[in-house]
Amino acid sequence: MELKALLGSLDEILEPWRYKDYAPNGLQVEGGPAVRKLVTGVTASQALIEAAASRGADAVLVHHGYFWKGEDARICGMKRQRVKTLLEHDLSLLAYHLPLDAHPELGNNAMLGKVLDLDALGQGGEQGLLWHGSWRGGGRAVDFREHVSARLGREALLLGRADKPISRVAWCTGGAQSFFAEAIDLGVDAFITGEASEQNHHMAMECDVAFIAAGHHATERFGIKALGERVAQLHGISVEFVDISNPV
């Protein structure tokens, strides 16, 4: 399909104009005009770009792209090498950040909820990024941590009381540890995100709300994969998700 048509389809699905974001959503680096094969992944790292090139892809679709607010705008060093590889292989780079986090069906939060057996009851917080609901399994915080670890294939970090009974849960994928106070105000028993900060331990103990850091990368694999699968269903092009391992 035409690159322009692919971009139009992605914009129609994700509605990026609804979000105030930290990087441009949509086309970030332009390659060839046609897309026969699309590779998806979490972050547009050098490893993912090389994997896409080796698979004969025409475009790469990611959650974490380039040109973040506050970063050095110059195309030097690591960024130069990444852009150079994209251009050498005529690869387009497409990236959607907050629109993919928040999408009610295909987004990172929606998909994480499905993977973890969480029944969503609502979206709140900044731009609808803080989700809340209930855990179908039920049990203690330590049981919930084990459940999360098993489903994500990564050992999750639990802060707070291990024997805390867990029923109501709030979550936001990636680096959303700053949302913990808002989650506590919702009256939940546990909050899940990707990363933890030092103060989260004290907040968890003093407010008696479990905090689970399950990995930034690990919590954000499912939205981009689901989005790619939707593109394949809609347009019949070849789409492959490539998971570049990341311990963070």
Side-chain angles (χ1 to χ4, degrees), residues 13-14 40-42 63 96 98-196 200 203-204 207-230 233 241 243 245-248:
I13 294 169
L14 297 173
T40 64
V42 176
H63 179 49
Y96 290 87
L98 295 186
L100 184 60
D101 284 322
H103 192 275
E105 180 188 358
L106 304 173
N108 286 323
N109 285 322
M111 295 303 300
L112 184 66
K114 291 179 181 179
V115 169
L116 297 182
D117 298 328
L118 304 176
D119 293 320
L121 298 176
Q123 295 175 237
E126 180 186 349
Q127 304 188 80
L129 296 173
L130 179 62
W131 286 46
H132 62 95
S134 60
W135 176 35
R136 269 172 255 151
R140 303 166 301 163
V142 66
D143 303 317
F144 190 43
R145 183 197 65 80
E146 291 173 1
H147 170 70
V148 171
S149 297
R151 289 297 176 88
L152 299 186
R154 179 190 188 277
E155 194 70 17
L157 171 68
L158 169 64
L159 304 177
R161 183 161 57 95
D163 62 351
K164 166 80 176 181
I166 304 298
S167 176
R168 295 191 61 199
V169 179
W171 67 97
C172 183
T173 65
Q177 59 268 51
S178 63
F179 286 4
F180 192 24
E182 290 181 66
I184 291 169
D185 289 342
L186 289 172
V188 299
D189 305 307
F191 174 62
I192 310 167
T193 188
E195 301 179 31
N200 297 141
M203 295 169 70
C207 298
D208 196 26
V209 177
F211 181 104
I212 293 180
H216 194 135
H217 176 88
T219 58
E220 296 198 321
R221 291 172 295 174
F222 306 105
I224 196 68
K225 187 174 185 292
L227 179 60
E229 290 169 354
R230 177 62 58 86
Q233 291 169 356
F241 172 70
D243 190 14
S245 179
N246 188 329
V248 177

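Predicted model, so just to flag it, every value in this text is computed and none were measured. Atom set for the values below is all heavy atoms of this structure, side chains included, hydrogens, waters and symmetry mates excluded.
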Problem - salt_bridge(Arg151, Asp117) N-O dist < 4.0 Å - result: yes
Exercise for the section: Starting at CD of Glu126, measure out to CZ of Phe179 and round the result to the nearest 0.5 Å. Expected result: 5.0 Å
Exercise for the section: With rounding to the nearest 0.5 Å, note down the distance linking CG in Leu159 to CE in Met203. Expected result: 11.0 Å
Completion exercise
Heavy atoms of Ala110 and Pro104 approach each other most closely as CB-O, 3.5 Å
Handout entry: Gap separating the CZ atom of Arg154 from the NE2 atom of His217, nearest 0.5 angstrom
Key = 10.0 Å
Exercise for the section: Calculate, to the nearest 0.5 Å, the distance between atoms CG and CD1 belonging to Asp243 and Ile224 respectively. Expected result: 12.0 Å
Completion exercise
Heavy-atom closest pair (Thr193 atom, Thr219 atom, distance to 0.1 Å) is O-CG2, 4.2 Å
Handout entry: Heavy-atom check, side chain of Val188 versus side chain of Val209, under 4.5 Å
Key = yes
Exercise for the section: Can you tell me which residue pairs pass the salt bridge (Lys or Arg N to Asp or Glu O under 4.0 Å) test with a partner in residues 173-184, sequence neighbours excluded? Expected result: none
Exercise for the section: Please report the shortest heavy-atom distance between Ala170 and Leu186, naming the atom on each side. Expected result: CB-CD1, 4.4 Å
Handout entry: Distance-minimising heavy-atom pair for Ala214 and Ala218
Key = O-CB, 3.4 Å
Problem - Donor-acceptor under 3.5 Å (Lys164 side chain, Asp189 main chain) - result: no
Practice task
Evaluate the side-chain proximity of Thr173 to Met111: yes if any heavy-atom separation is below 4.5 Å, no if none is.
Solution key: no
Problem - Close side-chain approach of Leu112 and Leu118, heavy atoms under 4.5 Å - result: no
Handout entry: Test item: His63 side-chain N/O and Gly41 main-chain N/O as donor-acceptor pair under 3.5 Å
Key = no
Exercise for the section: Could you tell me which non-hydrogen atom of Thr40 sits nearest to which non-hydrogen atom of Gly228, and how far apart they are? Expected result: CG2-CA, 4.0 Å
Handout entry: Side chains of Phe211 and Gln177 in contact at under 4.5 Å (non-hydrogen atoms)
Key = yes
Problem - Minimum heavy-atom distance between Trp135 and Arg140, given as atom pair plus value - result: CZ3-O, 4.5 Å
Handout entry: Close side-chain approach of Val42 and Asn246, heavy atoms under 4.5 Å
Key = no
Practice task
Report the C-alpha distance between Leu227 and Leu14 in whole Å, list the side-chain angles of each, state the deciding distance to 0.1 Å, and finish with yes or no for side-chain contact (heavy atoms from CB on, under 4.5 Å).
Solution key: CA-CA 9 Å; Leu227 179 60; Leu14 297 173; 3.8 Å; yes
Practice task
Indicate yes or no: at least one non-hydrogen side-chain atom of Ile192 is less than 4.5 angstrom from one of Phe144.
Solution key: yes
Handout entry: Side-chain donor or acceptor of Asp119 paired with backbone N/O of Arg136 under 3.5 Å
Key = no
Exercise for the section: Return the orientation label for the Trp131 and Trp171 ring planes: parallel under 30°, perpendicular over 60°, tilted otherwise. Expected result: tilted
Exercise for the section: Determine yes or no for a side-chain-to-main-chain donor-acceptor pair under 3.5 angstrom, with His103 supplying the side chain and Ile13 the backbone. Expected result: yes
Handout entry: SG on Cys172 to CD on Glu220, rounded to 0.5 Å
Key = 8.0 Å
Handout entry: Arg145 side, atom CZ; Leu157 side, atom CG - distance, nearest 0.5 Å
Key = 8.5 Å
Practice task
Could you tell me whether the side chain of His132 and the main chain of Ala183 form a donor-acceptor pair under 3.5 Å?
Solution key: no
